[in-house]
2 protein chains.
Amino acid sequence: MEKKLTAKERILRVAEQLFYREGVRAVGIDRIIQESGVAKASFYRNFATKDDLVVAYLELHRERVMGNIAHARQQRPDSVLAQLRYLMEYTADRMKLPTYRGCAFMNTAVEFPETDHPDHVKALDSRNEVWNHIEDMAREAGLPKPRELTEQLRMLWSGAAMVAYINKEEFKPQSFSDAANALIDSQAAAAAK
Amino acid sequence: MEKKLTAKERILRVAEQLFYREGVRAVGIDRIIQESGVAKASFYRNFATKDDLVVAYLELHRERVMGNIAHARQQRPDSVLAQLRYLMEYTADRMKLPTYRGCAFMNTAVEFPETDHPDHVKALDSRNEVWNHIEDMAREAGLPKPRELTEQLRMLWSGAAMVAYINKEEFKPQSFSDAANALIDSQAAAAAK
DNA sequence: AATGAGAGAGACAGATCTGTCTCATTTCTT
DNA sequence: AAGAAATGAGACAGATCTGTCTCTCTCATT
């Protein structure tokens with residue numbers, strides 16, 4: 001028997017879909033209230049403001065992304081470098097899904113450009129946490145310049161996310177994987193000589 | 001003696017600054033009217049809607065970007081490949097400027113996610129025109145897979161623009177240039193063997 | 001000097017969005 | 001079963017934004 005979802009859960013579930021698919025600014029509170037079948041009072045009892053909901057949405061997304069990293073670590077238990085390569089490939093493949101609408105953190109940061117806006121701050125913090133973890137992996141893998149490599153991978157991955165979002169039809173996961181591996185190999189080669 | 005700017009010119013000039021610095025959705029018509037010292041009627045005599053102004057802003061930006069490409073071609077008249085490398089380095093260096101706020105085309109596309117929104121369409125068209133030109137350069141340079149390389153450079157450059165925008169303090173033009181050259185070299189090496 | 005286009009100032013309408021409040025009803029706890 | 005807490009429905013206020021309209025003034029052309 002299915003558990004009945006609480007108002008808060010329904011709101012968050014609908015918000016996640018709508019915010020990601022149509023953008024945070026484009027989706028109003030009324031829309032979320034209507035589609036989640038919740039009363040306005042119930043909404044504001046669970047979230048003080050819309051921004052609070054946005055922060056909760058970003059937090060949910062952060063957890064999912066960290067889950068992806070954990071997944072990659074489990075899939076390639078023997079080599080951290082293999083975990084890195086797998087993570088890049090795995091996420092790039094997912095960008096090809098028709099539901100892919102870019103990186104929620106980047107999109108939200110762009111939608112709220114004021115650097116001290118709570119949504120902007122939360123988006124950046126989440127993004128940074130993820131990439132700090134990846135940098136740790138690069139360091140753990142014993143690569144000579146984990147910092148530089150992570151910077152490069154972050155640029156490449158971030159751009160891939162944008163291309164997959166805006167120029168979906170032209171995005172080729174293989175091109176991305178090739179490029180990512182070229183960057184990793186390039187650094188490994190520089191270290192070997 | 002300085003020429004007096006017409007209302008339209010003043011509006012466009014102010015709009016370019018404000019839209020780029022603070023985002024299109026965040027800047028209202030009233031703000032632009034006030035800061036350009038123009039009457040509301042004068043605004044709507046020159047631009048039918050706000051979207052029309054946004055399209056004009058993007059068109060202006062497109063011209064500037066194409067100007068950057070022309071600049072790169074002039075700076076390295078002998079080798080198209082050198083033009084490509086120069087263009088990447090030149091634009092990456094400019095991303096380090098404190099006024100840099102990311103790629104206007106990507107930002108606007110994210111701000112208006114509806115794919116048939118006139119601002120979204122104009123942003124995408126402009127972006128595609130630029131990268132089609134770069135692909136032509138890669139082809140002209142005699143590279144084996146100009147398409148793939150351009151895709152990779154577009155991902156890397158787009159991500160660099162985002163990093164330079166959102167994580168400004170951590171952006172290193174040198175890391176970008178290294179990565180871009182690694183991608184170019186990687187393809188050249190693959191072709192040579 | 002006369003005329004007409006362009007421009008400034010700002011009130012106003014209409015739409016939209018966030019957030020508040022009331023009240024009846026349902027659901028959970030004990 | 002009874003009281004307490006959560007929920008649904010929706011009116012309403014207040015802010016903000018786009019776009020319209022009127023009226024006046026300036027300036028260039030003739």
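Each chain gets a letter, A, B and so on, in the order its sequence line appears, and its residues count up from 1. Just the heavy atoms: all of them, side chains too, but no hydrogens, waters or symmetry mates, feed the values below.
- B:H120 pairs by the ring-ring contact (aromatic ring centres under 6.0 Å, His included) definition with nothing, not counting sequence neighbours.
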Would you tabulate the nitrogen or oxygen pairs shorter than 3.5 Å linking the protein to nucleotides 28-30 of chain D?
none

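- Within the structure, the salt bridge (charged side-chain N to carboxylate O under 4.0 Å, His left out) test picks out no pair touching residues 86-105 of chain B (sequence neighbours left out).
- Contacts of B:D30 classified as salt bridge (charged side-chain N to carboxylate O under 4.0 Å, His left out), with partners at least two apart in sequence or in another chain: B:K40.
- Between A:R85 and A:D185, at least one side-chain nitrogen of the basic residue sits less than 4.0 Å from a carboxylate oxygen of the acidic one, meeting the salt-bridge criterion.
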List, with names and distances, any nitrogen or oxygen atoms from the protein found under 3.5 Å away from nitrogen or oxygen atoms belonging to nucleotides 14-18 of chain D.
unit_1: D:dT18; atom_1: OP1; unit_2: B:K50; atom_2: NZ; d: 3.0
unit_1: D:dT18; atom_1: OP2; unit_2: B:I29; atom_2: N; d: 2.7

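- An OP1 or OP2 oxygen of C:dG6 is reached within less than 4.0 angstrom by no side-chain nitrogen or oxygen of B:S42.
- Annotation: salt bridge (charged side-chain N to carboxylate O under 4.0 Å, His left out) contacts involving residues 48-74 of chain B, sequence neighbours excluded, comprise B:E16-B:R64, B:E59-B:R62, B:E59-B:K122, B:R62-B:E129, B:R73-B:E140.
- For B:Y20, the ring-ring contact (aromatic ring centres under 6.0 Å, His included) test picks out no residue, with sequence neighbours left out.
- The interatomic distance linking A:F43 (CZ) with C:dC21 (C1') rounds to 16 Å, in whole Å.
- Between A:Q34 atom CD and D:dG8 atom C1' the separation is 14 Å, expressed in whole Å.
- Between the CZ atom of B:R10 and the C1' atom of C:dA7 there is a distance of 8 Å, rounded to whole Å.
- One can place CZ of B:F47 at 15 Å from P of D:dT20, the figure rounded to the nearest angstrom.
- Between the side chain of A:R45 and the base of D:dA6 there is no donor-acceptor pair of N/O atoms closer than 3.5 Å.
- Here the C1' atom of nucleotide C:dA7 and the CD atom of B:E9 are 14 Å apart, to the nearest Å.
- Using a 4.0 Å cut-off between a side-chain N of Lys or Arg and a carboxylate O of Asp or Glu, B:R13 and B:E9 do not qualify as a salt bridge.
- If you check C:dG8, C:dA7, C:dC21 against the side chain of A:A41, the one that comes closest is C:dC21.
- Within the 4.0 angstrom heavy-atom criterion, no nucleotide atom of any strand lies near B:R31.
- As the counterpart of D:dT30, C:dA1 is assigned, both hydrogen-bonding distances of the Watson-Crick or G-U wobble pattern falling under 3.5 Å.
- Every residue was checked against the ring-ring contact (aromatic ring centres under 6.0 Å, His included) condition with A:Y100, not counting sequence neighbours, and none meets it.
- The distance between atom NZ of A:K8 and atom C1' of D:dA5, rounded to the nearest whole Å, is 16 Å.
- When rounded to the nearest whole Å, the span between CG of B:N46 and C1' of C:dG8 equals 13 Å.
- One can place CG of A:L5 at 15 Å from P of C:dT27, the figure rounded to the nearest angstrom.
- Residue B:L97 shares its hydrophobic cluster (ILVMFWY side chains chained together at separations under 4.5 Å) with no other residue.
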